[in-house]
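To start, the structure under review is shown below, and the notes come after it.
This is a predicted model, so every value here is computed, not measured.
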Amino acid sequence: MLKTTFRTLVMAGALTLSVSAIADEKKDDPVVATVNGVEIYYSQVQQAQRAMGGQAMAVPLEMIQSMLINTIADRTIVAEQARKDGFDKNEEFKKRMADIEQQVLARDFIADYAEKQITDKRVEEAYQAMIKDFEPQKEVHARHILVEDEAAAKEVIKELEGGADFVELAKTKSTGPSGPQGGDLGFFSAGAMVPEFEKAAFALKAGEFSKEPVKTQFGYHVIKLEEERKTQPPKLEDVKDQIEGEIGNEAVSKYIEGLRKDAKIVLFDKDGKEIKEDK
């Protein structure tokens, strides 16, 4: 079953496609209510929740299921009356229904096509191509103590040289947002920090702290390097959804492009005059 969310399809208008949502709807779909003998399915309730979006999606479905079912029931009752009154024979209605049918048919067909293109073999091949040219980069794990002036920074350095604990000093003296966490900045690579800070941090060895204050636009820093490492390529499980989406997008784009080559598409302006496309 396709796990990724696949979006891309433009055919006679914008059409948003979610393979995962469509795949979910193919699972067991029990009847949750009947209205004058018309069955309402669980998938319709799920779809109604998605259509509401926003806060409704943040609420467990069970909490609003009855409300959604009643909404669908009302719609069903009104639609039934509309048919009795012959509204479904209205030409404008027929045109709209034909358009909806076309969109749903295209969406489901292309979702099914995309799902069939995403195989374990193709995912593995794409993953290997992704990591083939991966070049490990140096990352450092650093802490810092940020103070407002150079004198305060030098005082911090003096205390550290006297044996003070860096983490505790950061908690009590650092004005930076990482202070409460002992000045911990986690791992970062080149380009993530302002140049002055980065240069000083990357020049240290594991366990060392800067012996001179490091001035940046934020103030004066005392930096400690905890450890360094080389970046690793992403694991397959971490990028699988991304890869599946890319495979699906590429396959669908090529498929639609092939269909367009055999199709005759003529454009008209609002007055019915043919629009000649530039070759």
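- With Asp149 contributing its side chain and Ala151 its backbone, the two residues share a donor-acceptor pair below 3.5 Å.
- In summary, Arg122 and Glu124 do not engage in a salt bridge, as defined by a charged side-chain N under 4.0 Å from a carboxylate O.
- The shortest side-chain heavy-atom distance between Thr216 and Met193 does not fall under the 4.5 Å cut-off.
- Heavy-atom neighbours of Lys94 NZ from other residues, nucleotides or ligands within 6.0 Å: above the threshold of 12.
- Considering all non-hydrogen atoms of both residues, Ala200 and Val214 come closest at CB-CG2, 3.6 Å.
- Among all heavy-atom pairs drawn from Glu228 and Val140, the shortest one is CB-CG1, 4.1 Å.
- One finds a salt bridge joining Lys254 and Glu250 here, because a Lys/Arg side-chain nitrogen approaches an Asp/Glu carboxylate oxygen to under 4.0 Å.
- Figure legend: Arg229 and Phe187 shown as a cation-pi pair, the cationic atom lying under 6.0 angstrom from the six-membered ring centre and within 45 degrees of its axis.
- Side chains of Gln46 and Arg50 form a contact here, defined as non-hydrogen atoms less than 4.5 Å apart.
- For Val222 against Ala153, the heavy-atom pair with the smallest separation is CG2-O, 3.7 Å.
- For CD of Gln55, the number of neighbouring non-hydrogen atoms (other residues, nucleotides, ligands) closer than 6.0 Å is 12 at most.
- In this structure, Leu61 is not a member of the same hydrophobic cluster as Tyr41, with clusters built from ILVMFWY side-chain heavy atoms closer than 4.5 Å.
- Taking NE2 of His221 as the start and OG1 of Thr175 as the end, the distance is 8.5 Å to the nearest 0.5 Å.
- For the pair Asp74/Val35, no side-chain contact is recorded, criterion being any heavy-atom separation below 4.5 Å from C-beta on.
- Other residues, nucleotides and ligands contribute over 12 non-hydrogen atoms within 6.0 Å of the CD atom of Glu125.
- For the atom pair CD1 (Ile64) and CE (Met57), the distance works out to 8.5 Å, reported to the nearest 0.5 Å.
- In this structure, the separation between CD on Glu226 and CG on Leu204 is 11.0 Å, given to the nearest 0.5 Å.
- Aromatic rings of Tyr113 and Tyr255 (six-membered ring for Trp) have centroids within the 6.0 Å cut-off, being under it.
- Side-chain contact check for Glu274 versus Leu267: every heavy-atom pair is 4.5 Å or farther apart.
- Under the 4.5 Å side-chain heavy-atom criterion for grouping Ile, Leu, Val, Met, Phe, Trp and Tyr, Ile77 is not connected to Val38 through any hydrophobic cluster.
- Side-chain contact between Glu237 and Lys240 is absent, with no heavy atoms from C-beta onward closer than 4.5 Å.
- Side-chain atoms of Gln49 come within 3.5 Å of backbone N or O of Val59 as a donor-acceptor pair.
- By the 4.0 Å N-to-carboxylate-O rule, Asp112 lies close enough to Lys116 to be salt-bridged with it.
- For Met130, the CE atom sits in a packed shell: over 12 heavy atoms of surrounding residues, nucleotides or ligands are nearer than 6.0 Å.
- The structure places CG of Asp99 at 10.0 Å from NZ of Lys95, a figure rounded to the nearest 0.5 Å.
- Within a 6.0 Å sphere centred on CG of Asp269, other residues, nucleotides and ligands contribute more than 12 heavy atoms.
- Separating the CD1 atom in Ile157 from the CD atom in Glu212 is a distance of 6.0 Å, to the nearest 0.5 Å.
- Cation-pi geometry between Lys89 and Phe93 is not met: the NZ or CZ atom fails to fall both under 6.0 Å from the ring centre and inside 45° of the normal.
- The aromatic ring centres of His144 and Phe197 sit less than 6.0 Å apart.
- Residue Gln117 comes nearest to Ile247 through the heavy atom pair O-CG2, 3.9 Å, listed as atom of the first residue, atom of the second, then distance.
- Glu150 places no side-chain N or O within 3.5 Å of a backbone atom of Tyr220 that could act as its donor or acceptor partner.
- Looking only at distances, a side-chain donor or acceptor of Tyr127 sits under 3.5 Å from a matching main-chain atom of Pro234.
- Across all their heavy atoms, Thr34 and Val31 have their closest contact at CG2-CG1, 4.3 Å.
- By the 4.0 Å N-to-carboxylate-O rule, Lys215 lies too far from Glu196 to be salt-bridged with it.
- One hydrophobic cluster holds both Met97 and Val104 under the rule that ILVMFWY side chains link at heavy-atom gaps under 4.5 Å.
- Remark: Asp165 CG to Leu160 CG distance equals 8.5 Å, nearest 0.5 Å.
- Under a 3.5 Å cut-off, the side chain of Ser174 and the backbone N or O of Leu146 do form a donor-acceptor pair.
- Thr231 is listed as a side-chain neighbour of Phe134, based on a closest heavy-atom distance under 4.5 Å.
- Side chains of Gln81 and Val78 form no contact here, defined as non-hydrogen atoms less than 4.5 Å apart.
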For Ile243 and Leu236: C-alpha separation, side-chain torsions, deciding distance, then whether side-chain contact (heavy atoms from CB on, under 4.5 Å) applies.
CA-CA 9 Å; Ile243 291 174; Leu236 175 57; 4.3 Å; yes
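- Residue Glu101 qualifies as open at atom CD: its count of foreign heavy atoms under 6.0 Å is 12 or below.
- Hydrophobic clustering keeps Leu225 apart from Phe209 (ILVMFWY residues linked when any side-chain heavy atoms are closer than 4.5 Å, directly or through intermediates).
- Although no hydrogens or angles enter the test, the distance criterion places a donor-acceptor pair under 3.5 Å between the side chain of Asp29 and the main chain of Tyr42.
- Proximity of a side-chain donor or acceptor of Glu198 to a complementary backbone N or O of Gly191 within less than 3.5 Å is detected.
- Neither Ile275 nor Val266 shares a network with the other; the hydrophobic side chains, linked directly or stepwise wherever heavy atoms of I, L, V, M, F, W or Y lie under 4.5 Å apart, form separate groups for each.
- Between the side chain of Glu208 and the backbone N or O of Lys205 there is at least one donor-acceptor pair closer than 3.5 Å.
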side-chain contact (heavy atoms from CB on, under 4.5 Å) for Phe268 and Lys273? Distances and angles first, verdict last.
CA-CA 5 Å; Phe268 301 93; Lys273 184 179 179 180; over 6 Å; no
What's the verdict on side-chain contact (heavy atoms from CB on, under 4.5 Å) for Asp184 and His141, showing C-alpha distance, side-chain angles and the deciding distance?
CA-CA 8 Å; Asp184 194 358; His141 176 197; 2.8 Å; yes
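- A 4.5 Å side-chain heavy-atom check between Glu91 and Arg96 finds every atom pair outside the cut-off.
- Residue Glu135 qualifies as open at atom CD: its count of foreign heavy atoms under 6.0 Å is 12 or below.
- Shortest non-hydrogen contact noted between Ile118 and Val123 is CG2-CG2, 4.0 Å.
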Let me see the working for Arg260 and Ile256 under side-chain contact (heavy atoms from CB on, under 4.5 Å), right down to the final yes or no.
CA-CA 6 Å; Arg260 286 183 67 90; Ile256 295 175; 4.3 Å; yes
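- Remark: side-chain polar atoms of Glu161 are not paired, donor with acceptor, to backbone N or O of Lys158 under 3.5 angstrom.
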